[in-house]
Amino acid sequence: MVGFGWRKPANVAGTSAPAILLSLFVATGGLLFGYDTGSINGILAMETFREDFSTGYIASDGKPGMSPKEISLIVAMLSAGTIVGALMAAPMGDRWGRRLSLIASIGIFCVGAIFQVCAYNVALLIVGRTVAGVGVGIVSVLVPVYQSEMAPKWIRGTLVCAYQLSITAGLFAAAGVNILTHNIPSAAAYRIPIGLQLTWAVVLALGMLVLPETPRYLIKRGYKDAAALSLSRLRRLDITHPALIEELAEIQANHEYELALGPDTYKDIFFGDPHLGRRTLTGCGLQMLQQLTGVNFIMYYGTTFFSGAGVDDPYLISLIMQIINMVSTFPGLFVVESWGRRRLLIVGSIGMAICQLLIASFATATGDSNQPVQNQILIIFVAIYIFFFAASWGPVVWVVTAEIYPLKVRAKSMSVSTASNWLLNFGIAYGTPYLVNTSSKGKGETEYLGSRVFFVWGAFCILSIAFVWCMVYETSKISLEQIDEMYERVDHAWNSRDFEPSWSFQQMRDFGFSESGIPPTEPQLELQPSRTSTSQSDTGGSSTTNTTTTGSQDDKVLTQLGHVDFSY
């Protein structure tokens, strides 16, 4: 694990095990979105579902089916709900806390799932998916926020990546359930997959009842004692331990510094300091480009697309794609710390672009003739494309957007950037049936893009390479508080890999450094690795105690801990 950067630094006080386990458990919130997406992918192709929910539309195979408009609404209204949920997440998370807001969001999701299980027509199904989407949207914002505020810096990226891993696990589980139920000659074929999504939602809600609130949120609300208790549980240190006191003081000092630069309003996330507008643009751009890589074209419509392309067993192919999607997330977990965020995103974009342009080029040359050789090429390169996405853009986008925002506006900025993800998700989910014609097979194919739609996704992958190079700062191996310093001192994203933190926010507060974040060079203000409780007299050089600022037992202990890294 050393090669992957998963080694706790020897000079870090306390233990990281509780924070890691809590972050991994909370990451399973991604199962809700992944399972819902995967289940609707297969349900839309079930004959029983098409018969029960058909409003008179007849597909080209002569059987009852769903019109492109109905398919678009059923799939896309989940994303419409998630946009609302993502925007709700910030005020909820800042007012009630990350933990309680997550519990409430899971409750909203359960209500929507119940509507879907009980649905007997398209309208009620759409209502259920919209309500469930609100819950998913809140979860998608607050889970990465909760993880980033809990996780130690040396493994923070990997833990946030676990959120994407749980999404892929949900997609895989749904594909497996769909295979087991799609031949059932009754409504159970689609009601069982829908109902099973309630299982983990209940488990997750019960688990959240006993988890602590994040210490950074409690500091933001002014609850310093509660923050100390929370941090004590995470680090397994006594509440009076010098390392815990020091870490808590750094979080508080950082927050006070942020507030000194401006308020924590929605306007501030675009125009505030330090460089909040650039950070918000980075987050929104990454989230939108993640969708424009075309991944949810496969996740939402993979079964019906492969069926329309003449693939013999589209359910089996979709299951294989979900296995690849889940397994391929692990390479990203392994190298996100050692490679860094920037390199992994760029490599992923290059791989995806090559695969998609090859698919589209071959489809153009053969005219979407549905020949066996063409289908094999389609499946192979879609599988390779999914590998590159799952190992890079799938998890790393959530890591970057969870890290780059300061505490005072973290929930608001995450809310806006995640809403941009869901906005593009909605557009792709709604527009794909009209672009590709997933509802029929062969009929009027020349009117649609078919496999040539990969030209669109490939072009955006090329654009994403330039975006990452110019906009994404390298945030691995530094604390959330040190990321603020990096944005102040490093002008260009491509220089961020060489950044080395030089000061702490406690020192800024105590010494009154300028807003530029660059400490003065006078000898009397040079930064020292530890604080001292004594000062030399001008005459005799003897040591006298400074009773105005120090003298506590904790300060005396801290003078012996200069080699300890307190920053998480």
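In this chain, residues are counted from 1 in sequence order. Please read all numbers here as calculations on a predicted model, not as lab measurements.
- Side-chain contact annotation: Tyr473 with Arg278, donor-acceptor N/O pair under 3.5 Å present.
- When every heavy atom of Thr293 is checked against every heavy atom of Trp457, the shortest pair comes out as O-CB, 3.4 Å.
- A donor-acceptor distance shorter than 3.5 angstrom exists from the side chain of Thr199 to the backbone of Leu196, with no hydrogens or angles considered.
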**Report entry** Stepwise side-chain contact (heavy atoms from CB on, under 4.5 Å) check, Asn325 with Met321
**Finding:** CA-CA 6 Å; Asn325 188 29; Met321 293 302 171; over 6 Å; no
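- For the pair Arg279 and Tyr487, the cation-pi criterion (under 6.0 Å, within 45° of the ring axis) is fulfilled.
- Put simply, the side chain of Asn425 never gets that close to the backbone of Asn421: no donor and acceptor are under 3.5 Å apart.
- In summary, Arg98 and Glu149 engage in a salt bridge, as defined by a charged side-chain N under 4.0 Å from a carboxylate O.
- Gln287 pairs in a side chain to side chain contact (heavy atoms under 4.5 Å, CB included) with only one of the listed residues (Val400, Leu423, Thr401), which is Thr401.
- Distance alone, capped at 3.5 Å, is enough to place a donor-acceptor pair between the Ser417 side chain and the Met414 backbone.
- Residues Asp36 and Arg129 are paired through a salt bridge, judged by an N-O separation under 4.0 Å between the basic side chain and the carboxylate.
- Ion pairing between a basic and an acidic side chain is recognised when a charged N comes within 4.0 Å of a carboxylate O; Arg342 and Glu474 show no such pairing.
- For the atom pair Ile404 CD1 and Ser148 OG, the distance stands at 11.0 Å (nearest 0.5 Å).
- Within a 6.0 Å radius of CH2 in Trp96, no more than 12 heavy atoms belonging to other residues, nucleotides or ligands are found.
- You'll find the ring centres of Phe33 and Trp422 inside the 6.0 Å limit.
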Query raised in the report: Leu286 and Thr282: side-chain contact (heavy atoms from CB on, under 4.5 Å), yes or no, with the steps?
Result: CA-CA 6 Å; Leu286 284 174; Thr282 300; 4.1 Å; yes
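- Put simply, CD1 on Ile74 and OG1 on Thr130 are 11.0 Å apart, with the number rounded to the nearest 0.5 Å.
- A side-chain N or O of Thr55 and one of Glu70 form a donor-acceptor pair less than 3.5 Å apart.
- With 3.5 Å as the limit, one finds a donor-acceptor pair spanning the side chains of Glu403 and Thr475.
- Ring to ring, Phe53 and Tyr190 are close: their centroids are under 6.0 angstrom apart.
- In summary, Lys477 and Glu337 do not engage in a salt bridge, as defined by a charged side-chain N under 4.0 Å from a carboxylate O.
- In this structure, Phe330 and Phe334 have tilted ring planes: the angle between them lies in the 30° to 60° band.
- Looking at Arg99, its side chain does come within 3.5 Å of a backbone N or O of Leu209 through a donor-acceptor pair.
- In terms of heavy atoms, Cys161 sits closest to Val396 at SG-N, 4.5 Å.
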Report task. Please lay out, stage by stage, how Val75 and Tyr430 fare under the test side-chain contact (heavy atoms from CB on, under 4.5 Å). Result -> CA-CA 7 Å; Val75 174; Tyr430 189 83; over 6 Å; no
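- Lys408 has a carboxylate O that lies under 4.0 Å from a charged side-chain N of Asp268, or vice versa, which qualifies the two as a salt bridge.
- The aromatic rings of Phe389 and Tyr385 sit tilted relative to each other, their planes meeting at an angle between 30° and 60°.
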Query - Working for side-chain contact (heavy atoms from CB on, under 4.5 Å), residues Thr418 and Trp398 - result: CA-CA 9 Å; Thr418 305; Trp398 295 107; 4.0 Å; yes
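- A donor-acceptor pair under 3.5 Å is absent between the side-chain atoms of Ser230 and the main chain of Ala227, judged by distance alone.
- The backbone N or O of Ala411 lies less than 3.5 Å from no partner atom in the side chain of Asp94, so there is not a single donor-acceptor pair.
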